[in-house]
Amino acid sequence: MVELKEDPVSKCVFCGIIGKKLKATFIHEDPRAVAFKDVNPKAPTHVLVVPRRHLASLSQATESDEGLLGHLQLLAANLARQLGIDSGFRLVANNGRGAGQTVDHLHYHLLGGRPMQWPPG
Ligand code: AMP
Ligand code: ZN
């Protein structure tokens, strides 16, 4: 008997958004990454910067992802400029349940439009 392996991509909400099976408000699309509005915003501007390729978390990234990770950060900085929050924004990657990661597809939260507290909770 052939056992069916779990397919993380078919169950992944962000893969669903990237594949346009689920709705989202896109801010940016390019061949490697997308950015869309967070459905439950924690700041006046709250955008998720997401690689198209399913990668569960930052911990799963390898040296071969170096270019992609750089792309995501530069994209976030460009979007911050475009969205008018570059005088003060925060870029956050929650990694693992203990840090509050709820969607297992790597993403950076781009937050701005209000004063940010430090340290974060
Ligand atoms: P994290 O808890 O760091 O994994 O962040 C996941 C984020 O995804 C949360 O801020 C959610 O509000 C957001 N989110 C979950 N589902 C959707 C969706 N369908 N569209 C947009 N954002 C979503
Ligand atoms: Zn995914």
Side-chain angles (χ1 to χ4, degrees):
M1 200 169 82
V2 181
E3 272 190 41
L4 288 175
K5 279 191 180 167
E6 279 199 4
D7 175 12
V9 172
S10 65
K11 292 188 304 187
C12 173
V13 62
F14 288 177
C15 283
I17 288 171
I18 290 160
K20 304 279 168 79
K21 290 182 182 128
L22 298 173
K23 283 197 176 168
T25 304
F26 282 85
I27 302 291
H28 173 89
E29 295 185 68
D30 72 49
R32 285 187 284 175
V34 301
F36 50 86
K37 288 188 178 177
D38 195 295
V39 76
N40 184 16
K42 301 291 189 290
T45 298
H46 187 172
V47 168
L48 300 171
V49 180
V50 185
R52 284 190 187 274
R53 184 162 64 81
H54 182 91
L55 190 61
S57 70
L58 195 52
S59 288
Q60 305 299 310
T62 65
E63 278 189 32
S64 66
D65 298 312
E66 196 174 294
L68 176 63
L69 296 176
H71 178 67
L72 295 171
Q73 288 202 43
L74 290 172
L75 173 56
N78 283 331
L79 290 173
R81 263 190 295 278
Q82 281 173 36
L83 296 166
I85 56 166
D86 52 323
S87 65
F89 67 87
R90 187 163 288 164
L91 192 64
V92 175
N94 295 325
N95 193 96
R97 293 288 175 269
Q101 184 176 6
T102 58
V103 176
D104 290 334
H105 182 134
L106 174 64
H107 53 282
Y108 290 91
H109 298 257
L110 174 61
L111 298 144
R114 64 164 170 79
M116 299 285 161
Q117 307 300 314
W118 190 261

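Counting convention: from 1, in listed order, for ligands and their atoms alike.
- At least one side-chain heavy atom of Phe26 sits under 4.5 Å from a side-chain heavy atom of Ile17.
- Taking distance alone, with nitrogen or oxygen atoms compared against 3.5 Å, Val103 approaches ligand 1 more closely than that limit.
- Of the protein's non-hydrogen atoms, Asp38 OD1, 2.5 Å is the one closest to atom 12 (O) of ligand 1.
- Near Leu48, the atoms of ligand 1 lying under 4.0 angstrom from a non-hydrogen atom of the residue are 8 (O), 13 (C), 22 (N).
- The protein atom (non-hydrogen) at minimum distance from atom 17 (C) of ligand 1 is Val39 CG1, 3.7 Å.
- The shortest N or O to N or O distance between Gly100 and ligand 1 is under 3.5 Å.
- A donor-acceptor pair shorter than 3.5 Å cannot be found between the side chains of His28 and Asn78.
- For His54, the N, O or S atom with the smallest separation from the Zn ion (ligand 2) is ND1.
- For the pair Asp38 (side chain) and His109 (backbone), a donor-acceptor distance under 3.5 Å is absent.
- His109 counts as a contact of ligand 1, since one of its heavy atoms falls under 4.0 Å from the ligand.
- Put simply, the side chain of Leu75 does not reach to within 4.5 Å of the side chain of Arg32, judged on heavy atoms.
- For ligand 1, the atoms sitting less than 4.0 Å from at least one non-hydrogen atom of Asn40 are 12 (O), numbered in the order shown with element in parentheses.
- The shortest contact between atom 18 (C) of ligand 1 and any protein heavy atom is with Ile17 CD1, 3.8 Å.
- Rounding to the nearest 0.5 Å places NE2 of His46 at 10.0 Å from CZ of Phe36.
- Each of the following atoms of ligand 1 lies closer than 4.0 Å to a heavy atom of Lys37: 21 (C).
- Contact annotation: for Asn94 versus ligand 1, heavy atoms closer than 4.0 Å belong to the side chain alone.
- Taking the six-membered ring for Trp, His105 and His107 have ring centres at least 6.0 Å apart.
- Gln101 places a side-chain N or O within donor-acceptor distance of the main-chain N or O of Ala56, the cut-off being under 3.5 Å.
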Take Leu72 and Leu106 through the side-chain contact (heavy atoms from CB on, under 4.5 Å) test and state the conclusion after the steps. CA-CA 10 Å; Leu72 295 171; Leu106 174 64; 4.1 Å; yes

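- Considering backbone and side-chain N/O of Gln101, none are found under 3.5 Å from N/O of ligand 1.
- The Zn ion (ligand 2) lies at the vertex of an angle of 110° between the ND1 atom of His105 and the SG atom of Cys12 (rounded to 10°).
- Under 4.0 Å from ligand 1, not a single heavy atom of Leu22 appears.
- Of all the heavy atoms of His107, the ones lying under 4.0 Å from any atom of ligand 1 belong exclusively to the side chain.
- Within the 3.5 Å criterion, the main-chain N or O of Gln117 finds a donor-acceptor partner in the side chain of Arg90.
- The proximity of Phe14 to ligand 1, defined as any non-hydrogen pair under 4.0 Å, is limited to the side chain.
- For the atom pair NZ of Lys21 and SG of Cys12, the computed distance is 11.0 Å after rounding to the nearest 0.5 Å.
- For atom 4 (O) of ligand 1, the nearest protein heavy atom (residue, atom name, distance) is Thr102 N, 2.7 Å.
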